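Heads up, the thing below is written out as structure tokens.
To find a chain, count down the sequence lines: A is the first, B the second, and so on, and within it residues start at 1. Computed from a predicted structure; not experimentally measured.
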Amino acid sequence: MTTLRLYNTLTRQKEDFAPLDPDNVRLYVCGPTVYDYAHIGNARPVIVFDVLYRLLRHVYGADHVTYVRNITDIDDKINARAAEVAAAKNVSVEAARAEITAATAKQYLDDVTALGCLPPTHTPRATEYVKQMVAMIGKLVADGHAYPAEGHVLFDVSSKPDYGKLARRSLDEMLAGARVEVAPYKKNPMDFVLWKPSDDLTPGWESPWGRGRPGWHIECSAMGEALLGETFDIHGGGIDLMFPHHENEIAQSESAHHDHQLAKVWMHNGFLQVEGEKMSKSLGNFVTINELLKDWRGDVVRFNMLKTHYRQPIDWTSQGLVESFNTLANWFRTFSLSSEMSQPIADSVLEALSDDLNTPKMIAELHVLYRDGKHELLASTLKALGFSGDIEDPKIAVGSEGAIAIEQQIAARTAARKAKNFAESDRIRDELLAKGIVLKDGPNGTTWEVKR
RNA sequence: GGCCACGUGGCGGAGUGGUGACGCAGCGGUCUGCAAAACCGCGUACCCCGGUUCAAUUCCGGGCGUGGCCUCCA
């Protein structure tokens with residue numbers, strides 16, 4: 001059996017991966033907060049961990065991997081939007097919240113599916129697990145790891161001696177760098193919120209500490225526990241979540257579970273920049289997955305994402321997308337992917353992926369397969385990696401009528417060439433080119449494609 | 001200010017203590033009426049300065065640069 005090596009943020013080194021239970025390998029990845037379209041940065045962990053999910057399924061068997069990716073539908077940004085919608089439509093904040101999150105979550109799942117990502121085994125929503133969150137908070141309070149204060153419940157970081165082990169930062173260091181005002185009711189400035197009170201205009205749930213809502217970190221702890229148990233194999237997410245989110249998740253879960261380790265391996269994907277700059281709404285370079293999919297098929301986006309190793313920062317550029325498109329176009333004009341093909345993965349690719357998801361190496365190996373004429377193996381490998389084989393330009397859908405017209409033009413050109421009427425044949429070629437159609441003369445006749 | 005990553009040819013991007021991955025672009029060629037495509041061939045790169053070593057891009061130290069985190073953020 002293939003041995004995977006994965007970089008573990010906890011130990012800061014690559015380790016051989018040995019599942020707690022090979023019959024049920026468990027993976028948790030932090031999903032989106034659903035208040036707006038997901039952007040291309042959100043797509044990175046989804047694609048990266050989908051590759052990991054596929055790899056685990058390949059190695060341990062498709063029925064022996066449980067993948068949980070949550071949807072956060074309790075959040076103050078959502079609440080802010082819900083308040084606006086509630087006021088505008090004269091509905092309750094609860095109804096507005098439900099409407100916003102349902103629509104955004106559906107959009108997210110559609111986008112991610114278009115990127116070739118398999119649905120996780122479970123996609124829990126935070127609102128469905130409030131009961132479990134309240135129970136976990138209650139346990140933490142009872143055990144002295146948390147305390148109520150002014151309607152809030154706070155986690156007491158001093159009760160967790162190894163707090164900071166993931167981020168590798170001591171409490172003193174965190175305090176030295178702190179730049180935020182500390183709420184007066186906190187015992188320790190680093191204490192974080194498990195539960196906070198809701199007013200009448202904010203969605204809330206009943207709890208022993210009054211009507212309120214859970215803090216962000218406890219959501220993942222509760223959902224992870226409910227679906228994967230106290231200890232699971234791999235926890236993934238963006239590197240920006242390492243602190244405080246993941247650190248706090250560890251603190252909560254391990255404190256509630258008699259110090260049983262939350263996850264054996266922590267994996268973090270690097271950040272993404274757009275054309276060399278940090279992506280932000282103010283810079284106007286904010287790219288949503290949805291917009292991107294209007295210009296490029298999911299295969300192109302997926303391939304482009306995998307050209308960079310997941311732990312490296314990635315610079316998202318249009319030049320890169322064109323390059324990715326051209327590569328795939330080159331392959332898919334030689335062979336196609338069929339849905340019923342068996343899906344063996346080339347050994348060289350498996351080897352690259354097994355080394356901490358070395359996808360740049362994997363792509364190099366794909367090129368080698370192509371160069372060596374192993375088209376069938378290349379096709380099945382791509383299929384197994386989540387590619388569909390469809391990279392037609394979504395903007396220039398020629399359609400069957402358009403295709404027939406083009407074929408007629410090509411026939412006319414071929415006839416002109418046979419008659420050595422090159423002025424006419426070149427005219428037809430130029431005319432098609434003006435419409436964005438490129439002709440390619442090969443030994444078996446002329447083919448065409450949309451220029452990119 | 002504190003903490004942490006990273007710095008490979010025109011570009012993207014692997015890897016290694018000692019024979020220059022892979023792709024794009026570029027150059028040359030085959031083919032073609034021509035062009036494109038396709039195919040074949042061509043590249044002595046590893047931020048700077050010290051140190052260790054027979055040998056460093058690869059290990060160690062320092063410097064510079066870029067990015068991230070410390071606050072919601074994938």
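When the nucleotides B:A36, B:C3, B:C34 are ranked by their closest atom to the side chain of A:Val438, B:A36 comes out on top. Here B:C70 is the nucleotide among B:A74, B:C70, B:A38 with the atom lying nearest to any side-chain atom of A:Pro244. For A:Tyr370, taking side-chain heavy atoms from C-beta onward, the closest of the listed nucleotides B:C34, B:C39, B:C69 is B:C39.
Between A:His375 atom NE2 and B:A38 atom C1' the separation is 11 Å, expressed in whole Å. Look at NZ on A:Lys361: it is 11 Å from P on B:A14, rounded to the nearest Å.
Aromatic ring pairs are classed by plane angle as parallel below 30°, tilted from 30° to 60° and perpendicular above 60°; the pair A:Phe332 and A:Phe335 is perpendicular. Relative ring orientation between A:Trp266 and A:His235 is described as parallel, the plane-to-plane angle staying below 30° on a 0-90° scale split at 30° and 60°.
Side-chain atoms of A:Val68 and A:Pro120, non-hydrogen and from C-beta on, never get closer than 4.5 Å to each other.
Residue-level contact check: A:Asn358 touches the backbone only, with heavy atoms under 4.0 Å from sugar-phosphate atoms and none from bases. Within the 4.0 angstrom heavy-atom criterion, base atoms lie near A:Gly270. Counting non-hydrogen atoms under 4.0 angstrom, A:Lys420 reaches nothing in the nucleic acid. No engagement by A:Ile40 is indicated, since no non-hydrogen atom pair under 4.0 Å with the nucleic acid exists. Within the nucleic acid shown, A:Gly237 comes within 4.0 Å of sugar-phosphate atoms alone, with no base atom in reach, counting heavy atoms only. Residue A:Leu433 is out of contact with every strand shown, counting any heavy-atom pair closer than 4.0 Å. Across all strands, A:His309 comes closer than 4.0 Å only to sugar-phosphate atoms, never to a base (heavy-atom distances). Contact annotation for A:Arg311: no contact, since no heavy-atom pair falls under 4.0 Å across all strands.
Stem regions annotated for RNA chain B: B:1-7 with B:64-70, B:10-12 with B:22-24, B:26-30 with B:38-42, B:47-51 with B:59-63, counting only runs of 3 or more consecutive pairs of Watson-Crick or G-U type with both contacts under 3.5 Å.
One cannot find a donor-acceptor pair under 3.5 Å joining the base of B:G12 and the side-chain atoms of A:Asp315. Judged by atom type and distance alone, A:Asp441 reaches the base of B:A35 through a side-chain donor-acceptor pair under 3.5 Å.
A gap of 15 Å separates the C1' atoms of B:U8 and B:U66, to the nearest Å. Distance noted for atom C1' between B:G23 and B:A14: 11 Å (whole Å). For B:C64 and B:C49, the C1' atoms lie 10 Å apart once the distance is rounded to whole Å.
Salt bridge absent: A:Asp75 and A:Arg97 never bring a charged side-chain N and a carboxylate O closer than 4.0 Å. A salt bridge does not link A:Asp430 to A:Arg427: none of the charged nitrogens lies less than 4.0 Å from a carboxylate oxygen. Salt-bridge annotation for A:Asp426 and A:Arg413: absent, with no side-chain N of the basic residue lying under 4.0 Å from a carboxylate O of the acidic one. Contact check on A:Lys186 versus A:Asp156 returns no salt bridge, with no Lys/Arg side-chain nitrogen under 4.0 Å from an Asp/Glu carboxylate oxygen.
Applying the 4.0 Å criterion to OP1 and OP2 of B:A37, one finds that A:Trp448 has every side-chain N and O outside that range. Residue A:Arg12 places no side-chain N or O under 4.0 Å from the OP1 or OP2 atom of B:A5. For B:G23, the OP1/OP2 oxygens have no side-chain nitrogen or oxygen of A:Asn326 closer than 4.0 Å. At the phosphate of B:G13, OP1 or OP2 sits under 4.0 Å from a side-chain N or O atom of A:Thr308.
Closest heavy-atom contact between A:Met190 and A:Phe243: CE-CZ, 4.0 Å. The minimum heavy-atom distance between A:Arg54 and A:Lys383, with the atom names listed, is NH1-O, 4.2 Å.
Judged by ring centres under 5.5 Å apart and planes tilted less than 30 degrees, A:Phe271 stacks against the six-membered base ring of B:A74.
Residue order along RNA chain B, read from the 5' end via each residue's closest nucleotide, puts A:Gln319 first among A:Ala364 and A:Gln319. A residue-by-residue look at A:Leu241 and A:Val368 shows that A:Val368 has its nearest nucleotide of RNA chain B further toward the 5' end.
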